[in-house]
Peer 1: 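Before we start, here is the structure in question, set down as structure tokens.
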Amino acid sequence: MPANIHSDRILILDFGSQYTQLIARRVREIGVYCEIWAWDHDPAQIANYAPKGVILSGGPESVTETGSPRAPDAVFDLGVPVFGICYGMQTMAAQLGGRVEGGHAREFGHAAVELSGSCRLFDALDDQDDHCGGAALQSHATPAPTRARRVLDVWMSHGDRVTVVPAGFAAVASTASVAVVAMADETRHWYGVQFHPEVTHTARGTEILRRFAVDICGCATLWTPAQIIEDAIARVRAEVGQDRVLLGLSGGVDSSVVAALLEKAIGAQLTCVFVDTGLLRFGEGDQVMATMAEHMGVHVIRVNAAERFFAALAGIEDPEAKRKVIGRLFVEVFDEESHKLEGVKWLAQGTIYPDVIESAGGKTGKAHVIKSHHNVGGLPERMHLKLIEPLRELFKDEVRRIGVELGLPRAMVYRHPFPGPGLGVRVLGAIKPEYVALLQQADHLFIQALHKHDLYDRVSQAFAVFLPVKSVGVVGDGRAYEWVIALRAVETVDFMTARWARLPYEFLEEVSLRIINELHGISRVVYDISGKPPATIEWE
């Protein structure tokens, strides 16, 4: 059996920060398994989980307000290291006898933090190296015994601040305006920082998290792609035995990685059903079949159901209604195909950890339900199949890494994200086959040009959107009154926030000319320069 890659684990309690998932991803990148639970999770389950350390996330509330969230007392009774980040530090201070004050000017953005005293999180992290980003403060010439000022470049986002540290703690970092930016109790291995080590703007943030998880908590770095695959294969084989498994293959990264993983684990016991909804990218159906069936040797049944999907979507304009119709019909078609197969006892899905967090909340955190996910729940009870979800614990970047490790083409694994309902939510308003056909071709020309100019991997996500409005244009010597295509490209690290990609004007001009000249029915191309927030990345 493989090593137990879940045994050395960190528990992250979520107080509602937009960065909580990013904390978890950073810890896992270090090689340590972690989970996100809500701050008000059952204390008994927290104790039974037996983590080697606990991280308290940031959050939007104020510790000074009555009824604001607090860490369960069980956290401090575990006898393990605790690390409070932003709100997590503030609630630690308030709960352990210190003082937190509000009413101060909010600090948001870069700050130079001066370290003082000794703290295992920061020792020898003097931010004097050129690669650290911001302008580290330099000391003037002093007598030899005096140590130079030690500075970290960090990212702040807070209003309240700790003014008195609890008994047993020492203030170990400050800024020009905040006296307590970090606090440490080295005896109990409890720490708090006012800044966000999980974001890339904090120059030594990953090293700080590594020190907590590995050096202080003593976690082994077992969470690697090879170990994750080995563990998943062992668990699938133990759970499934000799039973047959059915997988709904969408063509996306998640279901493709599940297919490759299950093929490696159980081989011929796996059957995939690929429902071609007619809402995929240009040529994607054939590409899926070529990659999975021919390259990976996976048994795939293709169902061409485009006409059914277009009929079911006729006249529906609301994006959430479209999502639900697409999800319901996908399940219906899939269910029909499953009844044609004999001996299938398991249904595999490509559910990943963010799906669980966004759709479920509860144990996994305090995230709001932003949109429905058709691969989380919603399956008809009459299928009478047991559910297996090998990627349920993984973030998207982890899924991509194990996909490459399993032998999937890198170009497939690292394709830009694509919504579950496909082009159904990139054709704004009502969906018609001719709209989808135009969008597929326009999107293909855009992506093709990005690859040609070596820009595809420089942006995080790029796509075209069909706008249900007509615009006057001049085509040849004649007047045209045709549809509008919007192009969207963003740069982001975590997809929680994003800025529009500054693509070269010459490139955009080339793409616009190709779309208008080569596609009959398009008279105008626009470029979306909205950031997230206030806009979302997708239009619907």
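As the structure is a computational prediction, the values presented were derived from the model and not from experiment.
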Peer 1: Within 45° of the axis and under 6.0 Å from the centre of the six-membered ring of Tyr49, does NZ or CZ of Arg9 qualify?
Peer 2: yes
Peer 1: For Asp397, which residues count as a side chain to side chain contact (heavy atoms under 4.5 Å, CB included) partner, sequence neighbours excluded?
Peer 2: Arg25, Glu29, Phe395, Arg401
Peer 1: Contact between Pro409 and Thr291 at the side-chain level, heavy atoms closer than 4.5 Å - yes or no?
Peer 2: yes
Peer 1: Under 3.5 Å, side chain of Glu186 to main-chain N/O of Arg120, donor-acceptor pair present?
Peer 2: yes
Peer 1: Under 3.5 Å, sequence neighbours excluded: what are the donor-acceptor pairs made by side chains of residues 239-247?
Peer 2:
residue, atom, partner, partner atom, Å
Asp243, OD2, Trp346, NE1, 3.0
Arg244, NH1, Glu342, O, 2.7
Arg244, NH2, Thr271, OG1, 3.0

Peer 1: What residues form a salt bridge (charged side-chain N to carboxylate O under 4.0 Å, His left out) with Glu263, not counting sequence neighbours?
Peer 2: none
Peer 1: Between His41 and Trp37, what is the ring plane arrangement, given parallel below 30°, perpendicular above 60°, and tilted in between?
Peer 2: tilted
Peer 1: Kindly say whether Phe212 contributes a backbone atom to a donor-acceptor pair with the side chain of Asp215 at under 3.5 angstrom?
Peer 2: no
Peer 1: Would you please classify the geometry between the Tyr456 ring and the His416 ring as parallel, tilted or perpendicular, with 30° and 60° separating the classes?
Peer 2: parallel
Peer 1: Short question: side chain of Tyr87, backbone of Leu56 - any donor-acceptor pair under 3.5 Å?
Peer 2: no
Peer 1: Calculate, to the nearest 0.5 Å, the distance between atoms CZ and CG belonging to Arg210 and Leu121 respectively.
Peer 2: 14.0 Å
Peer 1: Does a donor on one side chain and an acceptor on the other come within less than 3.5 Å for Trp223 and Glu398?
Peer 2: yes
Peer 1: So with a 6.0 Å cut-off around NZ of Lys396, is the heavy-atom count from everything else above 12?
Peer 2: yes
Peer 1: One thing to verify: whether Arg235 and Glu393 come together as a salt bridge, which I'm taking to mean a side-chain N less than 4.0 angstrom from a carboxylate O.
Peer 2: yes
Peer 1: Is it true that the side chains of Thr202 and Asp153 contain a donor and an acceptor less than 3.5 Å apart?
Peer 2: no
Peer 1: With a 4.5 Å cut-off on side-chain heavy atoms, are Ile10 and Cys219 touching?
Peer 2: yes
Peer 1: Heavy-atom count around Lys264 NZ within 6.0 Å, excluding the residue itself: above 12?
Peer 2: no
Peer 1: Does the side chain of Leu13 reach to within under 4.5 Å of the side chain of Leu11, using non-hydrogen atoms?
Peer 2: yes
Peer 1: Can you tell me how far apart CD1 (Ile46) and CG (Leu78) are? Round to the nearest 0.5 Å.
Peer 2: 7.5 Å
Peer 1: With no hydrogens and no angle check, just 3.5 Å: does a side-chain donor-acceptor pair link Ser460 and Glu491?
Peer 2: no
